[in-house]
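Everything below concerns the one structure shown next.
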Amino acid sequence: MTATSPAAATSGILAAALGEALPRLCAAGAPVDPRLGALIAALAAALEAGVLELDLSAGAPEGLDPQGWPEAYRAALERSPLVGRAGCLEQAPEAPLVLAGDRLRWRRWHLELEHVLSQLLQRARDPLPEAPPPALLAEALRQAAAAGLDGRQQQAVAAALGQRLLLLSGGPGTGKTSTVVQLLAALLRQQPGLRLQMAAPTGKAAARLREAIERDGRRLEPELVAPLLAAPCSTLHRLLESSGERFGRHAQRPLELDLLVVDELSMVDLPLMAALLDALPPACRLVLVGDPAQLPPVGPGAVLQELMQPPWRPQLGPAAVELRTTYRNAGAIAAVAADLRLAGPIPLEQLSTRLRGLDPAANLQGLQAPPRQPPAAVITALSRHQQQLAALAAALSWRAGEVLTEEAYGPLLSELERCVALTPVRQGPWGVQGLHRQLLGEAAGRPLAHWPLGTPVLNQRNLPEQGLANGDVGVLVGSGRERRVLFSAGRLLHPARLGQAQPALALTVHKSQGSQYGTVWLLLPPGRDWDARLLYTGLTRAREQAWLVTPG
């Protein structure tokens with residue numbers, strides 16, 4: 001069992017204090033049902049993890065009595081003046097909690113969620129000022145079919161041409177990017193001067209989107225290639241001109257766009273989506289792309305997962321298209337990932353049994369290791385990766401003010417994405433910090449300028465002026481006594497600009513979202529059953545090979 005972090009302990013104390021104080025302060029001297037306090041504490045703890053609600057139809061949250069769940073807890077909610085019912089909140093104007101069917105939420109987050117989802121639904125329903133002529137639509141579908149798009153992908157093209165909103169979902173390898181390229185081509189044919197923007201929650205995800213669009217877009221007719229490749233692609237924070245707590249783009253200063261494509265929607269939380277919709281002109285088409293089986297965002301409110309639930313998903317109608325056919329064969333990784341899309345918490349024993357049944361030549365393999373020390377095979381693989389990174393970093397020479405060429409920095413950034421260890425935890429021998437102590441020794445606790453050359457660096461700040469977002473990964477390089485961090489496109493940043501950066505030979509699964517690596521070592525420490533979404537997200541970061549490491 002891993003140790004509880006100070007931050008987690010503090011949040012637990014605050015949640016418990018809120019659960020005790022709020023019912024007492026609002027009870028006006030009346031007896032307080034202890035179940036109500038326990039529910040409030042559990043709801044506060046869930047919010048710390050980015051979850052906006054408690055689901056009374058699911059299992060009892062930690063700390064609540066399973067014997068009384070959910071009937072006794074629901075009865076306590078229905079008796080309390082702290083709780084209002086969704087749809088008639090005007091009858092309980094002071095109630096801080098809302099019960100929406102089986103879901104208990106804080107009132108503030110309930111109202112914001114309903115507002116954002118209603119805005120998206122309105123975009124799906126509102127007709128465009130001019131519907132595409134049937135002949136144009138038929139020609140667009142003919143060209144999409146000629147490009148190899150299946151029926152569902154063609155539905156997405158039709159939705160993008162005829163509606164303000166398209167929600168395009170599907171797992172890895174289902175052709176989401178190919179669909180986006182074809183719908184962009186169809187819109188550019190219809191409107192050559194289309195003001196187009198692409199965006200993603202992180203710099204790495206934006207870079208991957210840009211690479212995929214460039215790769216597939218070059219197959220289009222020449223007159224479409226230039227405007228497609230010229231379309232800007234950035235992080236959402238940079239698009240909205242984030243300055244930390246505020247956004248420079250909003251309803252009074254909206255974005256000047258005709259079409260916005262947002263990739264990796266599973267990583268977009270509720271406040272960011274609310275800010276985006278506030279800044280989006282009413283006539284702008286919005287294409288949202290994501291995989292709902294991935295982990296929800298770290299921030300509060302999983303917008304994509306909410307959109308896929310009733311009552312919202314059915315109401316989106318043809319604006320929501322799910323791609324189901326896998327075109328990129330990723331072997332055992334894809335097969336196990338497909339199973340995980342339908343699963344809940346996975347017992348480690350069950351997972352180990354599944355892995356033992358795989359072909360020894362499969363691109364997904366299981367490995368058992370003693371739980372009280374970092375897995376030796378993982379340390380060996382990462383040490384080799386370190387050595388290769390160090391050699392390439394030492395070979396990279398640069399001078400202040402110099403613009404590096406892709407020929408110079410490309411091999412180093414390629415090696416950066418060759419291998420990574422992913423883990424759900426930060427603490428303990430199988431956590432991010434324990435792995436880095438093993439790999440970097442004393443340097444792991446020092447400022448990044450003192451780390452060995454070639455060490456991967458995790459940026460933890462949004463730096464819009466540099467085109468960097470929290471979660472982007474670079475690599476430490478040096479020339480003489482000077483140290484810089486190399487990021488994509490050859491950008492060199494002084495270590496002082498990054499603040500509290502961390503090593504990135506190992507990452508939490510959450511931090512890896514939006515990235516891909518040649519080989520992924522996914523560690524599952526002992527002590528609990530792991531959510532299928534976490535396993536799915538970790539495994540699908542691998543392009544070529546994945547190792548699932550369990551205690552043994």
Side-chain angles (χ1 to χ4, degrees), residues 204 207-208 330 333 363-367 369 373-396 406 408-426 429-446 448-459 471-478 483-488 490 495 498 501-525 537-549:
K204 177 59 72 175
R208 282 188 57 222
I333 294 174
N363 64 355
L364 171 60
Q365 295 294 321
L367 175 69
Q373 60 193 43
V378 178
I379 297 301
T380 299
L382 292 180
S383 295
R384 289 177 185 150
H385 181 46
Q386 269 184 295
Q387 292 167 12
Q388 195 65 21
L389 285 168
L392 290 168
L396 181 69
E406 187 172 356
Y409 66 76
L412 180 53
L413 292 185
S414 294
E415 177 64 25
L416 187 62
E417 295 185 348
R418 187 181 63 79
C419 177
V420 75
L422 302 180
T423 172
V425 298
R426 296 195 53 78
W430 286 29
V432 168
Q433 293 181 0
L435 293 170
H436 283 135
R437 279 194 299 270
Q438 184 78 15
L439 292 161
L440 300 176
E442 293 182 2
R446 302 185 69 189
L448 75 87
H450 299 279
W451 298 347
L453 291 185
T455 301
V457 178
L458 175 67
N459 171 44
D472 288 350
V473 175
V475 59
L476 185 65
V477 298
R483 295 289 181 267
R484 295 290 186 273
V485 181
L486 171 69
F487 288 95
S488 61
L498 299 178
Q502 294 182 355
L505 288 158
L507 295 170
T508 62
V509 178
H510 266 107
K511 287 291 186 183
S512 74
Q513 284 185 272
S515 300
Q516 282 199 322
Y517 297 86
T519 298
V520 167
W521 296 82
L522 178 57
L523 283 64
L524 298 180
T537 302
L539 289 179
T540 54
R541 299 311 92 201
R543 291 191 302 265
E544 301 162 10
Q545 180 74 39
W547 292 85
L548 198 53
V549 187

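Only a predicted model underlies this, so the values are computations on that prediction, with no experimental measurement involved.
Heavy atoms only, all atoms of each residue included: P411 and E406 are closest at CD-O, 4.3 Å. Across every non-hydrogen atom of L448 and A501, the tightest pair is CD2-CB, 3.5 Å. Between P374 and G434 the shortest heavy-atom distance is CG-O, 4.4 Å. Contact detail for R426 and T508: the closest heavy-atom pair is CG-CG2, 4.0 Å. The two atoms that bring A443 and H450 nearest to each other are CB-O, 4.1 Å, heavy atoms only.
Side-chain contact between L435 and L523: present, with at least one pair of heavy atoms (C-beta onward) separated by less than 4.5 Å. Inter-residue side-chain proximity for V432 and T423 is flagged as met; some heavy-atom pair is nearer than 4.5 Å. Here the side chains of R483 and L453 are in contact, with some heavy-atom distance below 4.5 Å. The side-chain heavy atoms of P375 and L367, taken from C-beta on, include no pair separated by under 4.5 Å. Between K511 and Q502, every side-chain heavy-atom pair lies at or beyond the 4.5 Å cut-off.
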Test log, rule side chain to side chain contact (heavy atoms under 4.5 Å, CB included), inputs V477 and Y409: CA-CA 10 Å; V477 298; Y409 66 76; over 6 Å; no

Derivation and outcome, side chain to side chain contact (heavy atoms under 4.5 Å, CB included), residues E417 and K204: CA-CA 11 Å; E417 295 185 348; K204 177 59 72 175; 2.5 Å; yes

Evaluation steps, side chain to side chain contact (heavy atoms under 4.5 Å, CB included), between L548 and L524: CA-CA 8 Å; L548 198 53; L524 298 180; 3.9 Å; yes

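Atom CG of L382 and atom SG of C419 lie 5.0 Å apart (nearest 0.5 Å). Residue Q513 holds its CD atom at 10.5 Å from CG of L422, rounded to the nearest 0.5 Å. In this structure, NE2 in H436 is found 8.5 Å from OG1 in T455, a value given to the nearest 0.5 Å. A distance of 9.5 Å separates CG in L505 from CH2 in W451, rounded to the nearest 0.5 Å. Once rounded to the nearest 0.5 Å, the distance linking CG of L364 with CD of Q545 reads 7.5 Å. In this structure, E415 CD and L389 CG are separated by 5.0 Å, a value rounded to the nearest 0.5 Å.
Partners of R384 according to the salt bridge (charged side-chain N to carboxylate O under 4.0 Å, His left out) rule, which considers only residues two or more places apart in sequence or in another chain, do not exist here. Applying the ring-ring contact (aromatic ring centres under 6.0 Å, His included) criterion to W521, with sequence neighbours excluded, gives W547.
In terms of modelled atom types and a separation under 3.5 Å, the side chain of R418 and the main chain of G518 share no donor-acceptor contact. Checking side-chain atoms of N459 against main-chain N and O of G474 turns up no donor-acceptor pair under 3.5 Å. H385 places no side-chain N or O within donor-acceptor distance of the main-chain N or O of V420, the cut-off being under 3.5 Å.
Among the candidates L416, V457, V475, the single residue satisfying the side chain to side chain contact (heavy atoms under 4.5 Å, CB included) test with L486 is V475.
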